[in-house]
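Here is the structure we will look at.
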There are 2 protein chains.
Amino acid sequence: MRVTLKDIARETNLSVTTVSLVLNQKECRVSDSTRSLILKTAEKLHYYPNQLAVGLVKQETKTIGLIIPDISNHFFANLALGIDDEMLKHDRNIILSNTNDRPERDLKSIQVLKSRGVDAIILAMASNVDQTHIRSYKYIIDTSPIPIITVDRCNPAFNCSALKLNNKKGAYNAVSYLLSLGHKNIVCITGPANSDSTQERLAGYEWAYRDAGVSLPEKYVFHGDYLKQSGNEAMKQILQETKATAVFAFNDLMALGAYHCLRQEGLSIPEDMSIVGFDNIDFSDMLEVPLTTVNQPTYEIGREAAKRALLEITSPEAEKQTISFEPHLIIRKSTAKPR
Amino acid sequence: MRVTLKDIARETNLSVTTVSLVLNQKECRVSDSTRSLILKTAEKLHYYPNQLAVGLVKQETKTIGLIIPDISNHFFANLALGIDDEMLKHDRNIILSNTNDRPERDLKSIQVLKSRGVDAIILAMASNVDQTHIRSYKYIIDTSPIPIITVDRCNPAFNCSALKLNNKKGAYNAVSYLLSLGHKNIVCITGPANSDSTQERLAGYEWAYRDAGVSLPEKYVFHGDYLKQSGNEAMKQILQETKATAVFAFNDLMALGAYHCLRQEGLSIPEDMSIVGFDNIDFSDMLEVPLTTVNQPTYEIGREAAKRALLEITSPEAEKQTISFEPHLIIRKSTAKPR
DNA sequence: TTGAAAGCGCTAACAT
DNA sequence: ATGTTAGCGCTTTCAA
């Protein structure tokens with residue numbers, strides 16, 4: 001923080017007020033000569049405003065907080081990019097906070113970001129929350145003086161806007177497709193059991209079976225944690241314990257883990273096993289066998305979340321809104337009729 | 001910004017000074033009873049400090065700026081994660097700025113972040129800079145009142161610390177390996193022509209040939225832009241214009257594009273063409289043919305960059321330092337003897 | 001052991 | 001057309 005308004009005021013023999021007025025384009029009542037003098041001096045001195053001071057008096061910092069589990073995850077990286085691109089248009093910056101999927105860090109981060117005066121927070125909650133956490137989240141969100149927008153992971157009990165994929169529909173589409181190919185024994189590799197997305201995708205799975213009039217397999221739920229390794233391990237278990245002909249992984253990363261396991265076991269996709277993923281990350285069409293998956297318009301969700309945050313900043317009275325994005329099944333080479 | 005020190009002072013009938021003293025652990029000269037009263041009241045009122053105000057008076061915000069071309073790129077995402085993890089340990093936050101690889105946005109972002117009072121900036125420059133840009137960067141960096149640390153992309157003329165992979169050595173390793181397999185006609189898919197990393201890797205390529213006493217192919221430079229599509233297009237050109245038996249792509253993304261092209265053409269890796277990449281992104285070992293590539297310890301570079309920034313914040317007089325990370329060739333299945 | 005006062009850099013009513 | 005003043009929330013001498 002080098003040059004201040006005061007420096008310019010001294011240099012030009014004018015008051016700080018006048019300088020402030022001019023530099024903020026509120027120049028209506030300032031003579032052209034002084035205005036250009038100020039502008040010139042500011043330029044010469046390389047002046048730029050101290051946004052801390054501005055934020056302090058205006059009670060608005062033009063920053064927004066972004067809390068996500070892990071920026072190195074493609075999903076969240078694209079989300080962040082969408083948000084940042086939109087924010088850039090509005091001269092806002094984002095303060096990033098990775099939580100490593102830990103609920104306590106979500107909670108802590110909300111506090112820290114408020115401390116930093118962010119005008120809004122966009123939150124992708126940790127996936128492994130228990131009831132105690134939920135209560136904390138709910139209290140913090142419901143009483144928050146600034147808008148908190150949840151994305152991807154959310155809870156209907158919270159009084160906040162939420163943007164998310166229609167998970168149930170996505171799972172429904174995926175499983176319906178597998179059923180239509182003739183698979184009867186389709187198993188799932190889920191995310192953490194208590195996460196909403198897991199619950200919703202499971203519901204979509206069951207809905208598809210019901211809708212097709214096919215009876216559910218005896219055991220079809222295998223728990224993962226959205227990381228690659230868990231997909232690998234779940235797949236091993238599936239091979240041992242079931243006669244499944246198709247696997248619906250609740251994200252692409254775990255589908256990748258499943259690929260890995262199948263390759264290790266010398267099995268082929270889709271001949272020995274059909275696989276469907278969820279997310280459509282960059283690489284899912286670059287695999288040995290391009291992955292059939294449910295597309296999630298992540299970048300777009302980020303942009304919309306940003307827009308929503310902006311809206312709620314300017315209109316705090318706006319009704320909280322749940323915005324649903326429609327999924328789209330992308331059929332590639334990892335799925336075929338069972339043999 | 002709800003509750004302030006003043007509120008606590010009023011509630012406890014003490015002065016703002018005392019409250020501040022206690023809440024900042026500078027409690028040496030405060031009686032135990034008042035101290036616990038203050039602590040209790042702060043708790044009750046859900047007080048948390050306004051960091052804008054703190055930053056304003058302390059001239060330090062405990063934030064650092066991160067400027068990168070694109071957070072959705074695996075390389076930068078991992079870099080960001082490394083930085084954020086390290087910063088978290090020191091109770092600092094990062095303000096993120098994506099530039100879409102545009103030099104003007106780098107320059108603008110430095111300004112904006114300074115305006116926001118960041119204590120340091122970690123900068124991964126845009127790759128397509130011209131001489132005019134370089135001059136601007138140099139001026140801004142050399143005269144910056146706060147430390148600016150460059151990562152990955154940098155320029156030796158700047159007076160700032162730089163962290164980067166030993167690109168020349170990485171390329172040398174990759175090409176030496178291909179030569180040792182018996183390839184004579186190895187071509188490159190480079191990044192933007194005027195980027196340092198491209199120049200360095202090219203130098204490493206030539207060094208390897210020189211070192212092996214093999215004469216350089218007639219044409220071996222094919223320009224890409226570090227994006228997948230450019231790898232695809234370069235590969236097409238290579239197939240048309242050369243008799244290359246091996247391709248060294250300057251990053252994995254372009255190697256992926258090359259894979260795609262080869263698959264389209266019905267050619268096999270490594271039988272018809274050996275491929276080596278650079279970066280070792282997550283997915284390079286999950287491909288149809290796992291990719292031989294030069295590992296770049298991105299997360300680690302991020303952490304070290306963060307440490308360096310922290311050090312230069314506390315010791316502004318510290319000598320600027322260039323920190324080099326040693327590359328490591330990971331041999332997988334995309335390389336074999338030429339046939 | 002505690003408090004008063006000044007000031008960080010800026011904005012905005014309210015003079016003049 | 002321009003300046004005075006107060007104050008955003010906090011820290012930090014200095015005084016009591």
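No experiment lies behind these values; they were computed from the predicted model shown. Just so we're on the same page: letters track the sequence lines, and every chain starts at 1.
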Ranking B/Thr34 and A/Leu5 by the position along DNA chain C of their nearest nucleotide, the one closer to 5' is B/Thr34
Taken to the nearest whole Å, CG/B/Leu52 to C1'/C/dC10 is 12 Å
Interatomic distance where CG belongs to A/Leu56 and P belongs to D/dA6 [whole Å]:
18 Å
Taking atom types as modelled, is there a side-chain donor on A/Thr17 or A/Ser20 under 3.5 Å from an acceptor on the other?
no
Measure the distance from NZ on A/Lys6 to P on D/dG3 and round it to the nearest whole Å.
16 Å
Atom-pair distance (CD on A/Glu60; P on C/dC10), nearest Å
17 Å
How many Å lie between CG on B/Asn50 and P on D/dC10, as a whole number?
6 Å
How many Å lie between CD1 on A/Ile38 and P on D/dA1, as a whole number?
13 Å
I want to check one thing: is the phosphate of D/dC10, taken as OP1 and OP2, less than 4.0 Å away from some side-chain N or O of B/Tyr47?
yes
Assign A/Asp32 to base, sugar-phosphate, or nothing according to its heavy-atom contacts below 4.0 angstrom with the strands shown.
nothing
Between D/dG3 and A/Thr18, is there an OP1 or OP2 to side-chain N/O distance shorter than 4.0 Å?
yes
Verify whether one side chain among A/Asn159 and A/Asp142 offers a donor that lies under 3.5 Å from an acceptor in the other.
no
Distance alone, cut at 3.5 Å: any donor-acceptor contact between the side chains of B/Asn93 and A/Arg116?
yes
Find the distance A/Leu23:CG to C/dC10:P and express it as a whole number of Å.
9 Å
When you check the side-chain N and O atoms of A/Tyr299 and B/Ser72, is any donor under 3.5 Å from an acceptor?
no
Review item, nucleotides 12-16 of chain D N/O atoms under 3.5 Å of protein N/O:
residue, atom, partner, partner atom, Å
D/dT12, OP2, B/Lys26, NZ, 2.9
D/dT12, O4, B/Thr17, OG1, 3.3

What is the distance, rounded to the nearest whole Å, between atom CD of B/Gln59 and atom P of D/dC10?
17 Å
Categorize A/Leu14 for me: base, sugar-phosphate, or nothing, with a 4.0 angstrom heavy-atom threshold over every strand shown.
sugar-phosphate
Please name all residues satisfying salt bridge (Lys or Arg N to Asp or Glu O under 4.0 Å) with B/Lys89, sequence neighbours left out, ordered by chain then number.
B/Glu86
Is a side-chain donor-acceptor pair under 3.5 Å present for B/Thr4 with B/Tyr47?
no
In terms of ring plane angle, is the pair A/His46 and B/Tyr139 parallel, tilted or perpendicular, where the classes change at 30° and 60°?
tilted
Short side-chain N/O contact from A/Thr4 to OP1 or OP2 of C/dG9, under 4.0 Å
no
